[in-house]
2 protein chains.
Amino acid sequence: MSRFQELVVEHGREKALDPGEHVFSQGDSDSNVYFVKTGLLKAYYIRADGKEHIKSFLPEGSIIGSMVALVDGDACTFSLQALEDGVVVALPYAKLELAAQNDVDLANALIAFLSTYGKRKERREYELLSLSPEDRFAILLETMPDIADRVSQADMAAYVGVTPQALSRIKRRMAK
Amino acid sequence: MSRFQELVVEHGREKALDPGEHVFSQGDSDSNVYFVKTGLLKAYYIRADGKEHIKSFLPEGSIIGSMVALVDGDACTFSLQALEDGVVVALPYAKLELAAQNDVDLANALIAFLSTYGKRKERREYELLSLSPEDRFAILLETMPDIADRVSQADMAAYVGVTPQALSRIKRRMAK
DNA sequence: GCGACAAATGAACCTCGGTTAATTACGGAC
DNA sequence: GTCCGTAATTAACCGAGGTTCATTTGTCGC
């Protein structure tokens, strides 16, 4: 566990989650960083037409927060919802940022966190820009081998960026 | 100009660029951060089948570098090429990271940079995941009104994620 | 002006995902 | 076991983008 994660756990406030429960919703103002102690969450956008697109699945050990909400105090651009029951730890990001101004170690822990975040987004951008739905699905299965047992096909489809029907077709294509 | 940008300009090494010239190519190991003083660059992926996808256009004032190359010293995941002649300033990221370990101000400048980077990627992820090519094209024109005069239709298409022919069709649809 | 090359558009056909709706498979509650 | 509700699959049709190639437009060098 990184220094940053330890910090969050140490100074944060625990919150138990039931399946389906929201940590925050798109449009909320919530500038906490969340550490996933146990369970599985999903971060997702709701479009104007009601369609849902999943940014990422967040298993144990993940750290998450809406970047613009954390940094600028804007409204969250996505929703965060528990898929299983579990426990998250919340820590106000502003406190971290403030404390970092006088604490080199903390500042460097923040740097490490933001670097990891940046790398993750860079990879996701590549996947979305350059890979087909089929490739993205394959990568999802590789990266999180247990995902098929933990979430519905509809959620996997929303992550890959297609409808559940299309994902079903993709699975059939991949099988042979 | 942010503290971080000033730092790069102050301590970096200038490099003039001709149109078409590469700053680095996919697969290179180049852990410099680049500040675009003048000109316009594109950051793009080349897929196995030779197709090109543009991550972002980088006009004057932009900061860029391959996150995994900067942080982990891995090979660059994309290429960086000048579209116009111009000048960039290069600064080894490792030096910054090292110096940040003993300099709170520098560390916080780095935090600000990484935060901005994270926000930008978060927005792009949303666009790629939730918007249609048509919407993405409209946003591009909004965000960079002069882009149509500065780059080819092929490059705009590679940014939006479609073929030049498809972009042509999209333009026709949007006109009426 | 002309000629040559690149860029953009247009047309014809194909593929794949979206849409809608029906069908099948699964998982408790009883 | 049956019943019921949900999830997953399948099918049929549509539309948008990909592919290929031809045509037009634009832009230089001269």
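The sequence lines fix the lettering, A, B, ..., with proteins before strands; numbering per chain opens at 1. Quick caveat, the model's predicted, so the values are computed rather than measured.
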TODO: For the helix from C:dG1-D:dC30 to C:dC30-D:dG1, figure out the bend between the end axes, five pairs an end, and round to 10 degrees.
DONE: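 The value is 40°.
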Task: Atom-to-atom span, CG of A:Leu131 to P of C:dC16 - whole angstrom - done: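 After rounding, the gap between these two atoms is 17 Å.
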Decide, yes or no, whether a salt bridge links [X] with [Y] under the criterion of side-chain N to carboxylate O below 4.0 Å.
| X | Y | result |
| --- | --- | --- |
| A:Lys55 | B:Glu125 | yes |
| B:Lys171 | B:Glu134 | no |
| B:Glu60 | B:Lys37 | no |

Task: chain B footprint on DNA chain D, 5' to 3' - any atom under 4.0 Å from a heavy atom - done: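 Answer, 5' to 3': D:dG17 to D:dC21.
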- [ ] Decide whether B:Tyr117 and B:Glu122 meet the rule of one side-chain donor and one side-chain acceptor closer than 3.5 Å.
- [x]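 Absent: no donor and acceptor within the cut-off.
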Open item on the list: For a side-chain contact (heavy atoms from CB on, under 4.5 Å) check, start with the C-alpha distance between A:Ile111 and B:Ile111, then their side-chain angles and the critical distance, and finish with the verdict.
Closed with: CA-CA 6 Å; A:Ile111 288 173; B:Ile111 289 173; 3.7 Å; yes
Open item on the list: Less than 6.0 angstrom from the centroid, inside 45 degrees of the normal: does B:Arg124 satisfy that with respect to the ring of B:Tyr159?
Closed with: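 Yes, B:Arg124 lies over the aromatic ring of B:Tyr159.
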Task: Partner residues of B:Gln81 under the side-chain contact (heavy atoms from CB on, under 4.5 Å) criterion, sequence neighbours left out - done: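 B:Gln81: side-chain contact (heavy atoms from CB on, under 4.5 Å) contacts with B:His22, B:Lys42, B:Tyr44.
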- [ ] Go through the structure and list residues passing side-chain contact (heavy atoms from CB on, under 4.5 Å) with A:Ala154, not counting sequence neighbours.
- [x]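 Partners of A:Ala154 under the side-chain contact (heavy atoms from CB on, under 4.5 Å) test: A:Ser152, A:Pro164.
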TODO: Look at the side-chain N and O atoms of A:Thr163 and state whether any lies under 4.0 Å from the OP1 or OP2 oxygen of C:dG17.
DONE: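 Negative; the distance criterion is not met.
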TODO: Determine, using the 4.5 Å side-chain heavy-atom cutoff (strictly less than), whether A:Val160 and A:Ile139 are members of one ILVMFWY cluster.
DONE: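 Cluster IDs for A:Val160 and A:Ile139 differ.
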Report all side-chain donor-acceptor pairs from residues 61-74 of chain A shorter than 3.5 Å, counting only partners two or more places apart or in another chain.
from, atom 1, to, atom 2, distance (Å)
A:Ser62, OG, A:Pro59, O, 2.7
A:Ser66, OG, A:Thr77, N, 3.4
A:Asp72, OD1, B:Lys119, NZ, 3.1
A:Asp72, OD2, B:Lys119, NZ, 2.9

What pairs of nitrogen or oxygen atoms, one from the protein and one from nucleotides 5-11 of chain C, lie under 3.5 Å apart?
from, atom 1, to, atom 2, distance (Å)
C:dA8, OP1, B:Gln153, N, 3.0
C:dA8, OP2, B:Gln153, N, 3.1
C:dT9, OP1, B:Lys171, NZ, 3.2
C:dT9, OP2, B:Gln153, NE2, 2.3
C:dT9, OP2, B:Ser168, OG, 3.3
C:dT9, O5', B:Ser168, OG, 3.2
C:dG10, OP2, B:Arg172, NE, 3.2

